[in-house]
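So the structure is just underneath, and the comments pick up after that.
Just so it is clear, the model here is predicted, and its values are computed rather than measured.
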Amino acid sequence: MADTRPSANVLLTKYLVGLLLLVIGLALTLVGVFNGAHNLTLVGLAIAAVGMLLIVLKIIARNRPLH
């Protein structure tokens with residue numbers, strides 16, 4: 001790994017993409033729940049999980065101490 005923090009643009013992009021995936025995933029989950037489409041619910045939860053993972057990785061990368 002590099003000894004420097006990622007640039008602000010990379011972190012902002014990772015956060016915005018993660019937030020977008022989270023919102024889309026939760027919307028698909030709600031549509032799947034109300035329409036009784038179990039596969040759509042699972043796909044929505046998977047997309048939301050990827051969005052949360054990106055946001056958590058952004059937080060970890062930002063708070064990583066330098067050597």
Distance (rounded to the nearest 0.5 Å) between K58 NZ and L16 CG: 9.5 Å

Side-chain hydrophobic cluster, 4.5 Å single linkage: members besides L53: L57

L19 reachable from I59 in the ILVMFWY side-chain graph, under 4.5 Å edges: yes

Other cluster members, V56 - Ile/Leu/Val/Met/Phe/Trp/Tyr, side-chain contacts below 4.5 Å: I60

Residues clustered with L45, ILVMFWY side-chain links under 4.5 angstrom: none

For V17, the rest of its hydrophobic cluster, which grows through side-chain links under 4.5 angstrom: L20, L21, I24, L28, V31, L40, V43, I47, V50, L54

Listed partners of L26 passing side chain to side chain contact (heavy atoms under 4.5 Å, CB included), at least two apart: L22, A48

